[in-house]
Amino acid sequence: MTNDTKNSANTMWGGRFAAGPDAIMEAINASIGFDKRMARQDITGSRAHASMLAAQGIITDKDAEAIREGLLTVLSEIETGTFVYSTALEDIHMNVEARLKEIIGEPAGRLHTARSRNDQVATDFRLWVRDQVDAAIEGLDALIRAFLDQAEAGADWVMPGFTHLQTAQPVTWGHHMMAYVEMFARDKSRFQDARVRMNESPLGAAALAGTGFPTDRHMTAEALGFDRPMANSLDAVSDRDHALEFLSNATICALHLSRFSEELVIWSSAQFRFVTLSDRFSTGSSIMPQKKNPDAAELIRAKIGRIMGSMVALFTIMKGLPLAYSKDMQEDKEQFFDAADNLMLSLAAMTGMVSDLTANKDALAAAASSGFSTATDLADWLVRELGLPFRDAHHVTGALVGMAEKQGCDLPDLSLDDMQSVHADITEGVYDVLTVDASVASRMSYGGTAPVRVREQIAAWRERLG
Ligand code: ARG
């Protein structure tokens with residue numbers, strides 16, 4: 001609910017203004033429509049500030065107590081939905097303070113001592129971003145565990161590995177799943193890194209230059225869970241790097257999500273049938289009864305559009321801003337909120353999809369053995385057993401693939417006579433390496449697709465995640 005007060009001087013800074021702002025000015029200026037999402041952070045920051053002011057003897061303990069209690073009342077009004085927001089009061093900071101004044105009277109006016117909305121909004125937003133960083137880390141953790149479960153279930157199931165989306169060499173399902181564990185674990189570590197860097201408090205930088213009051217910024221920093229106060233007041237009120245980092249990290253994460261979404265869309269098609277998506281994460285068609293659409297995967301595939309859009313928007317907003325605070329920075333929040341909301345939703349939906357996913361073992365195996373997927377194994381055998389240079393082995397294998405293609409069969413179906421017609425020294429032993437299982441089992445190099453390596457990686461990740 002909005003309570004617009006037009007044509008009257010603003011009660012918070014109205015001293016030198018005869019009339020209220022023009023309605024259009026009010027519409028472009030007000031941020032309450034979206035920054036009300038930071039109410040809890042605003043109140044937490046203000047309560048810490050009030051305690052510090054009292055501890056430093058800047059306000060009385062009695063006033064500080066009234067402020068802290070009054071702010072809790074405001075918070076409960078906000079959380080129960082009885083709070084009446086006013087556009088004329090511009091933003092969450094002034095809405096909360098004005099209501100506090102209604103509740104506790106005169107002491108409310110002492111809260112803003114040694115503080116400005118510039119360090120206040122910087123603090124609120126940083127607390128909000130920090131919560132989102134924690135949520136992203138948690139969401140990624142759950143997703144990584146879902147991929148680990150898939151990897152474990154099918155550590156030695158064979159499937160085609162692709163390059164250029166053409167059959168390349170057989171790989172294991174476990175190996176494919178573990179590739180995403182690596183990606184999402186990097187995403188998680190990027191959020192963890194960002195959290196360390198951002199965990200400094202802007203509160204107490206005041207408008208831009210610090211304050212003449214004997215404040216203790218270390219105290220408020222500690223109360224708010226920050227590691228230390230930011231060291232430069234100009235930087236403190238003008239820095240939005242934490243949001244830029246979050247959005248950059250979110251964009252990379254959304255990109256990874258879009259890549260797996262694309263695989264799910266392809267794999268769940270009737271032409272592939274590699275996986276079956278659960279009913280919980282698919283929808284039917286209103287006209288074609290046979291259809292089961294991978295809507296969640298498609299939507300997650302698309303989310304990078306708006307998440308990257310928000311990143312580009314905030315970089316563009318911040319670009320070229322002189323020190324210290326500029327109102328441009330009010331434009332940071334809507335973009336950020338949208339990106340964070342959509343990232344969390346995507347992570348949750350993807351985790352659900354991966355957990356519910358059924359890999360069709362037989363279809364994967366059938367596809368793994370088609371497309372001459374063991375041609376490289378054949379060439380490697382010629383090198384190892386007959387001592388051919390790899391280039392020659394490649395040539396001989398190419399001729400055998402051509403022959404199989406002409407006969408309409410796969411490599412293991414060629415007769416030994418046919419093989420020897422291409423290279424006389426080929427022996428029966430070659431057939432051992434032409435099976436898909438032998439192919440994957442042989443790829444034991446560190447990081448390779450052999451089931452034993454995959455199981456080692458699963459164990460190592462389980463250990464690391466605890
Ligand atoms: N609503 C503003 C924002 O989000 C708060 C800070 C305003 N500061 C000022 N001096 N006008 O950026």
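We're numbering straight along the sequence, starting at 1. Counting starts at 1 for both ligands and their atoms, in listed order. No experiment lies behind these values; they were computed from the predicted model shown.
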**Study point:** Contact list for residues 325-359, test ring-ring contact (aromatic ring centres under 6.0 Å, His included), sequence neighbours left out
**Key:** F125-F336, W128-F337, F246-F336
Check your understanding: Salt bridge check: are E106 and R110 linked by an N-O gap of less than 4.0 Å?
Key -> yes
Exercise for review: Using the test side chain to side chain contact (heavy atoms under 4.5 Å, CB included), find all partners of L277 that sit at least two apart in sequence or belong to another chain.
Suggested key: L264, S268, S282, P294, M353, L357
Can you give me a line-by-line list of nitrogen or oxygen pairs between ligand 1 and the protein shorter than 3.5 Å?
| from | atom 1 | to | atom 2 | distance (Å) |
| --- | --- | --- | --- | --- |
| ligand 1 | 1 (N) | S31 | OG | 3.2 |
| ligand 1 | 1 (N) | D91 | OD2 | 3.0 |
| ligand 1 | 1 (N) | Q330 | OE1 | 2.7 |
| ligand 1 | 4 (O) | K333 | NZ | 2.9 |
| ligand 1 | 8 (N) | N118 | OD1 | 2.9 |
| ligand 1 | 10 (N) | N118 | OD1 | 3.1 |
| ligand 1 | 12 (O) | Y325 | OH | 2.4 |

**Study point:** Set of ring-ring contact (aromatic ring centres under 6.0 Å, His included) partners for H49, sequence neighbours left out
**Key:** none
Exercise for review: Kindly assign one of parallel, tilted or perpendicular to the pair F274 and F272, based on the angle between their ring planes and the thresholds 30° and 60°.
Suggested key: perpendicular
Review point. What distance separates T73 OG1 from L100 CG, expressed to the nearest 0.5 Å?
Key: 8.5 Å
